[in-house]
Amino acid sequence: MYKNKLTRFAEMKTMDHVVEYGFYDLKKELHPLRGKWNPDFFGNDHPLILELGCGKGEYTVGLAERFPEKNFIGIDVKGARMHRGASKAIEQGMKNVGFLRTRIDFINGFFAPGEVDEIWLTFSDPQKEKPNKRLTAPVFLKRYANILKEGGIIHLKTDSVLLHEYTMEVIAEEGHEVLYSSTDIYVDVKDEGNILTTIQTTYEKKFLAENKKITYVTFRLKKDYGKNEKVFPL
């Protein structure tokens with residue numbers, strides 16, 4: 001298993017659409033692609049969508065397949081998992097998908113204010129004992145607010161009732177705008193071609209086999225949210 005991880009890490013370093021940038025590099029200077037992902041990485045001016053905590057990159061690739069007119073970046077700290085999605089993107093010759101290996105805490109070191117159109121959070125760790133580490137905690141939402149364009153939206157798809165309910169509470173308390181929510185998308189979503197039910201990760205298939213409900217909420221952050229707060233921790 002360890003050898004396989006080393007092999008995957010080595011292969012990732014040869015992939016042009018995979019970006020790795022160390023913590024200590026980021027302390028010295030912000031990433032050179034910050035503010036330039038579309039022109040310098042993708043070579044276009046299409047909308048930019050991030051999947052944070054992308055795991056194997058299945059949702060990133062799935063979205064990129066459905067929306068070739070948009071650019072997608074899957075972000076995770078675990079490169080060995082990301083290898084699967086990165087490899088599939090190469091095999092399919094996809095030009096609108098990339099991967100970034102880093103911690104979500106440092107997201108503002110990689111993306112400039114207003115550079116991102118949408119953010120997806122799919123099956124994020126609910127962090128049962130550490131609410132401030134949940135990817136929809138206010139500390140993270142303020143970071144997202146900095147990189148999202150005005151009117152940009154956030155999607156949360158999860159099997160965790162705890163994370164869904166927590167997120168709904170945060171949205172209400174912080175004054176954000178819910179665009180749509182469901183406590184069971186496989187009951188509520190009637191469109192057979194909807195991306196919420198037709199793009200499934202390995203984890204989602206496992207959860208469905210266990211008869212777990214899959215919840216979803218999409219929301220827009222209120223104007224000027226977190227505007228005067230430090231969002232880059234280095």
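Hydrogens, waters and symmetry mates play no part in the numbers below; they use all other heavy atoms, side chains included.
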Restricting to non-hydrogen atoms, name the atom on [X] and the atom on [Y] that form the minimum distance, rounded to 0.1 Å.
X	Y	result
Ser124	Leu135	OG-CD1, 3.8 Å
Arg101	Val77	NE-O, 2.9 Å
Thr198	Gly193	OG1-O, 3.7 Å
Asn132	Phe140	O-CE1, 3.6 Å
Asp76	Gly53	OD2-C, 3.3 Å
Ala64	Val97	CB-CB, 4.0 Å

Is the backbone of [Y] close enough, under 3.5 Å, to the side chain of [X] for a donor and an acceptor to pair up by distance?
X	Y	answer
Asn108	Arg143	yes
Asp117	Leu48	yes
Arg134	Pro126	yes
His17	Ala86	yes
Lys190	Val187	yes
Glu58	Thr202	yes
Arg220	Gly151	yes

Would you say [atom1] of [X] has more than 12 non-hydrogen atoms from neighbouring residues, nucleotides or ligands within 6.0 angstrom?
X	atom1	value
Lys133	NZ	no
Lys36	NZ	no
Glu192	CD	no
Glu69	CD	yes
Lys212	NZ	yes

What is the distance from atom [atom1] of [X] to atom [atom2] of [Y], rounded to the nearest 0.5 Å?
X	Y	atom1	atom2	value
His31	Thr102	NE2	OG1	9.0 Å
His164	Glu169	NE2	CD	10.5 Å
Ile147	Glu115	CD1	CD	8.0 Å
Thr60	Trp120	OG1	CH2	10.5 Å
Ile119	Thr136	CD1	OG1	12.0 Å
Leu196	His155	CG	NE2	8.5 Å

Can you find a heavy atom in the side chain of [X] that is under 4.5 Å from one in the side chain of [Y]?
X	Y	result
Ile195	Phe67	yes
Asn71	Ile49	no
Asn146	Pro113	yes
Phe111	Leu100	yes
Thr167	Leu121	no
Tyr180	Val189	yes
Phe42	Ile73	yes

For Glu20 and Met82, what are the C-alpha separation, side-chain angles and deciding distance, and is it a side chain to side chain contact (heavy atoms under 4.5 Å, CB included)? CA-CA 12 Å; Glu20 297 186 74; Met82 197 185 296; over 6 Å; no

Can [Y] be reached from [X] by stepping across I, L, V, M, F, W or Y side chains whose heavy atoms are under 4.5 Å apart?
X	Y	answer
Leu50	Tyr144	yes
Ile107	Leu156	yes
Met94	Leu63	no
Leu52	Tyr166	yes

Just do the side chain to side chain contact (heavy atoms under 4.5 Å, CB included) check on Leu33 and Phe110 with the steps written out, would you? CA-CA 7 Å; Leu33 282 172; Phe110 292 90; over 6 Å; no

Please work out whether the ring planes of Phe41 and Trp37 are parallel, tilted or perpendicular, with thresholds of 30° and 60°. perpendicular

Report the C-alpha distance between Ile154 and His176 in whole Å, list the side-chain angles of each, state the deciding distance to 0.1 Å, and finish with yes or no for side chain to side chain contact (heavy atoms under 4.5 Å, CB included). CA-CA 11 Å; Ile154 299 171; His176 305 313; over 6 Å; no

Would you please indicate yes or no on a ring centroid separation below 6.0 angstrom for Tyr21 and Phe106? no

Under the rule for side-chain hydrogen bond (donor to acceptor under 3.5 Å, both in side chains), what residues qualify as partners of Glu204, not counting sequence neighbours? Lys157, Tyr186

Trace of the side chain to side chain contact (heavy atoms under 4.5 Å, CB included) decision for Thr158 with Phe207: CA-CA 10 Å; Thr158 179; Phe207 297 144; over 6 Å; no

